[in-house]
Trainee: 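First the structure, then my questions, so here it is.
In what follows, every chain begins at residue 1, and chains take the letters A, B, ... in the order their sequences are listed.
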Protein chains: 2
Amino acid sequence: MTIRVIIVDDQAMVRAGFAALLSAQSDIDVVGEAPDGRQGIEVGRATRPDVVLMDVRMPEMDGLAAARELLDPPPGVVHRPKVLMLTTFDVDDYVYEALRAGASGFLLKDAPPADLISAVRVVAAGEALLAPSVTRRLIADFARQRPAPRKDPSLRLNGLTPRETEVLELIARGLSNQEIAARLVLAEQTVKTHIGRVLAKLDLRDRAQAVIFAYESGLVSPGA
Amino acid sequence: MTIRVIIVDDQAMVRAGFAALLSAQSDIDVVGEAPDGRQGIEVGRATRPDVVLMDVRMPEMDGLAAARELLDPPPGVVHRPKVLMLTTFDVDDYVYEALRAGASGFLLKDAPPADLISAVRVVAAGEALLAPSVTRRLIADFARQRPAPRKDPSLRLNGLTPRETEVLELIARGLSNQEIAARLVLAEQTVKTHIGRVLAKLDLRDRAQAVIFAYESGLVSPGA
DNA sequence: CGGGGTGTCGTACCTGGGTATGAGGCCCGG
DNA sequence: CCGGGCCTCATACCCAGGTACGACACCCCG
């Protein structure tokens with residue numbers, strides 16, 4: 001199975017270069033090109049590539065918007081290519097936007113040609129790949145935001161019994177004591193007892209603070 | 001400047017293989033080896049390498065603990081090598097632990113030899129590099145946790161007046177009505193009025209649900 | 001100028017939620 | 001078999017928080 005690729009970049013020379021480079025590979029076919037995001041989407045819909053090489057900065061419609069459109073297509077469109085973002089300059093803030101949108105990778109154009117080729121293969125295989133500098137930033141970001149599942153709360157979470165944890169989670173879902181009791185088939189007073197212990201153990205004042213704790217400790221997460 | 005590397009792995013053959021591979025590079029010197037984490041730390045302190053290749057699973061002291069020790073040394077030890085984690089099997093949960101601890105990379109041992117070599121160079125340069133499957137997971141994780149500031153609630157948030165939003169945020173920080181009143185220099189009753197309106201507008205029952213809304217809408221975020 | 005939105009506060013009421021104390025049953029490990 | 005942790009529930013008390021109704025002062029816009 002050859003890998004079907006399209007190249008979206010506003011510079012014709014860049015497109016030609018990449019196309020030549022990739023076409024030379026026996027397992028890669030360049031099946032289309034486009035000079036801006038809008039046309040990139042059209043070509044993407046028409047040729048149904050496995051991988052889209054997408055420049056970030058482009059006239060008409062930037063790579064980010066185009067990537068979003070391809071990765072989260074309107075109803076009726078079933079094709080969902082992998083998107084590999086490319087940028088000339090060092091990592092701009094678009095990186096995070098692109099990754100959020102579901103891009104499979106992010107490379108600098110000054111990377112060795114071999115990297116681009118292997119990146120296409122990696123992405124086509126469903127894996128992901130980033131430029132080293134991007135990787136570093138992502139890791140740093142990752143480590144910064146979760147310096148060990150909150151040493152503070154999370155460790156203290158271990159002090160909770162299973163039942164208490166269960167109750168805490170329901171609190172964090174917005175249930176009243178009555179509803180929790182019903183859900184767990186308990187007397188309301190029992191729920192109160194559990195909550196009392198949770199608040200005491202975690203040094204919290206009320207259920208509102210308990211909700212905060214649940215989110216901060218990762219017991220529950222936004223969007224879950 | 002040659003890159004000084006040590007190899008920590010419990011399998012002698014693996015060490016020998018990597019050493020041979022890396023030593024063949026003119027810009028890389030293998031200056032030490034160790035069969036377990038404990039000795040790895042000793043060798044690391046003694047030889048002061050630029051990069052430590054560290055197997056994850058090892059007897060005596062696993063790679064994770066050893067990496068942590070090297071990356072966050074006790075007072076008095078100034079040397080801080082880069083750590084590149086290696087694992088035989090597919091990505092275990094240790095990945096996140098390693099990245100949190102400050103590792104610069106994570107590779108599978110079945111990666112092409114060229115990858116290992118370039119990885120060492122990348123890491124030595126202060127950048128980072130991950131196995132594609134790890135990258136994919138990290139990106140997925142990243143995208144999952146910040147799927148672009150919530151559209152739904154966020155829109156409803158627009159129905160709130162500035163003051164109401166302000167009060168909501170303080171609720172989400174765990175403050176009591178009294179504390180909010182003090183903070184905003186208001187009568188407690190005024191705070192209650194605002195809260196009442198917030199709850200009505202957002203169709204919430206109590207401040208606990210308000211906290212949930214604040215997190216889900218992105219008004220406040222974990223770790224912020 | 002008149003009205004609507006916002007912000008402020010008062011009085012009054014009621015209940016859900018948190019606290020205190022005690023107690024019975026279950027199960028595990030020493 | 002006994003002690004301790006966990007889960008369960010009851011009775012009783014108190015108050016922060018939420019609701020209802022009304023009021024006054026701005027400010028801006030039609």
Side-chain angles (χ1 to χ4, degrees), chain A residues 149 152-220, chain B residues 152-220 222:
Chain A
D152 206 28
S154 193
L155 280 187
R156 289 191 293 167
L157 210 165
N158 294 338
L160 298 186
T161 69
R163 201 54 158 172
E164 287 161 359
T165 306
E166 201 172 358
V167 170
L168 174 55
E169 183 170 344
L170 291 180
I171 291 178
R173 304 247 171 255
L175 303 204
S176 70
N177 290 346
Q178 267 194 8
E179 291 166 341
I180 295 175
R183 179 80 72 94
L184 300 182
V185 196
L186 288 177
E188 185 179 347
Q189 180 49 43
T190 304
V191 175
K192 286 189 175 185
T193 303
H194 286 310
I195 294 179
R197 280 202 257 273
V198 169
L199 297 182
K201 285 183 181 178
L202 302 179
D203 190 30
L204 304 171
R205 182 168 40 190
D206 51 36
R207 67 201 298 109
Q209 291 191 351
V211 174
I212 296 174
F213 178 89
Y215 275 95
E216 294 294 337
S217 69
L219 210 205
V220 302
Chain B
D152 189 35
S154 193
L155 283 185
R156 286 194 296 165
L157 212 163
N158 293 340
L160 298 185
T161 69
R163 202 55 159 172
E164 285 162 359
T165 306
E166 202 172 357
V167 171
L168 175 55
E169 182 170 345
L170 291 179
I171 290 178
R173 303 254 172 249
L175 303 204
S176 70
N177 290 346
Q178 267 193 9
E179 291 166 342
I180 295 175
R183 177 81 72 97
L184 299 181
V185 196
L186 290 177
E188 184 180 348
Q189 181 49 42
T190 304
V191 175
K192 286 189 174 186
T193 303
H194 286 310
I195 293 180
R197 281 202 259 273
V198 169
L199 297 183
K201 285 183 181 177
L202 302 179
D203 191 31
L204 304 172
R205 182 168 38 187
D206 51 37
R207 65 201 299 107
Q209 291 190 352
V211 173
I212 296 175
F213 178 90
Y215 274 95
E216 294 294 336
S217 69
L219 211 205
V220 301

Trainee: Nearest nucleotide by nearest heavy atom, which residue falls closer to the 5' end of DNA chain C, A:E188 or A:R197?
Mentor: A:E188
Trainee: Atom CD of B:Q189 and atom P of C:dC9: how far apart are they, to the nearest Å?
Mentor: 10 Å
Trainee: With a cut-off of less than 4.0 Å, is there a side-chain N or O of B:S176 near OP1 or OP2 of D:dA16?
Mentor: no
Trainee: Roughly how many Å is it from CG in B:L202 to P in D:dG18, rounded to a whole number?
Mentor: 13 Å
Trainee: Going through the checks in order, is the side chain to side chain contact (heavy atoms under 4.5 Å, CB included) test met by A:R163 and A:T193?
Mentor: CA-CA 11 Å; A:R163 201 54 158 172; A:T193 303; over 6 Å; no
Trainee: Looking only at atom types and distance, does a side-chain atom of B:Q209 sit under 3.5 Å from a main-chain N or O of B:R205, one as donor and one as acceptor?
Mentor: yes
Trainee: Are B:E179 and B:R183 close enough for a salt bridge, meaning some N to O gap below 4.0 Å?
Mentor: no
Trainee: Examine C:dG18: is either OP1 or OP2 under 4.0 Å from a nitrogen or oxygen in the side chain of A:R207? Give yes or no.
Mentor: yes
Trainee: Measure CZ/A:R205 against P/C:dT19 and give the value in whole Å, please.
Mentor: 11 Å
Trainee: Using whole Å, report how far CD1 of A:I195 lies from P of C:dG16.
Mentor: 14 Å
Trainee: Which nucleotide in the list D:dC7, C:dC9, C:dG7 gets nearest to the side chain of A:R163?
Mentor: D:dC7
Trainee: Closest to the B:N177 side chain: C:dC9, D:dG18, C:dG18?
Mentor: D:dG18
Trainee: Please examine the side chains of B:V220 and A:Y215, heavy atoms only from C-beta on, and report whether any two atoms are closer than 4.5 Å.
Mentor: no
Trainee: Roughly how many Å is it from CD in B:Q178 to P in D:dG18, rounded to a whole number?
Mentor: 14 Å
Trainee: Is the phosphate of C:dG7 approached by B:T161 (side-chain N or O, under 4.0 Å from OP1 or OP2)?
Mentor: yes
Trainee: Measure the distance from CG on B:L204 to P on D:dG17 and round it to the nearest whole Å.
Mentor: 16 Å
Trainee: Measure from the side-chain heavy atoms of B:K192 and tell me the nearest of D:dA12, D:dT19, C:dT8.
Mentor: D:dT19
Trainee: Nearest whole angstrom, please: distance from the P of C:dG17 to the CG of A:D206.
Mentor: 11 Å
Trainee: Closest to the A:H194 side chain: C:dG17, C:dC9, D:dC7?
Mentor: D:dC7
Trainee: Rounded to whole Å, please give me the gap between CD in B:E166 and P in C:dT6.
Mentor: 15 Å
Trainee: Using the side-chain hydrogen bond (donor to acceptor under 3.5 Å, both in side chains) definition, which of the options B:H194, B:E188, B:R207 pairs with B:N177?
Mentor: B:R207
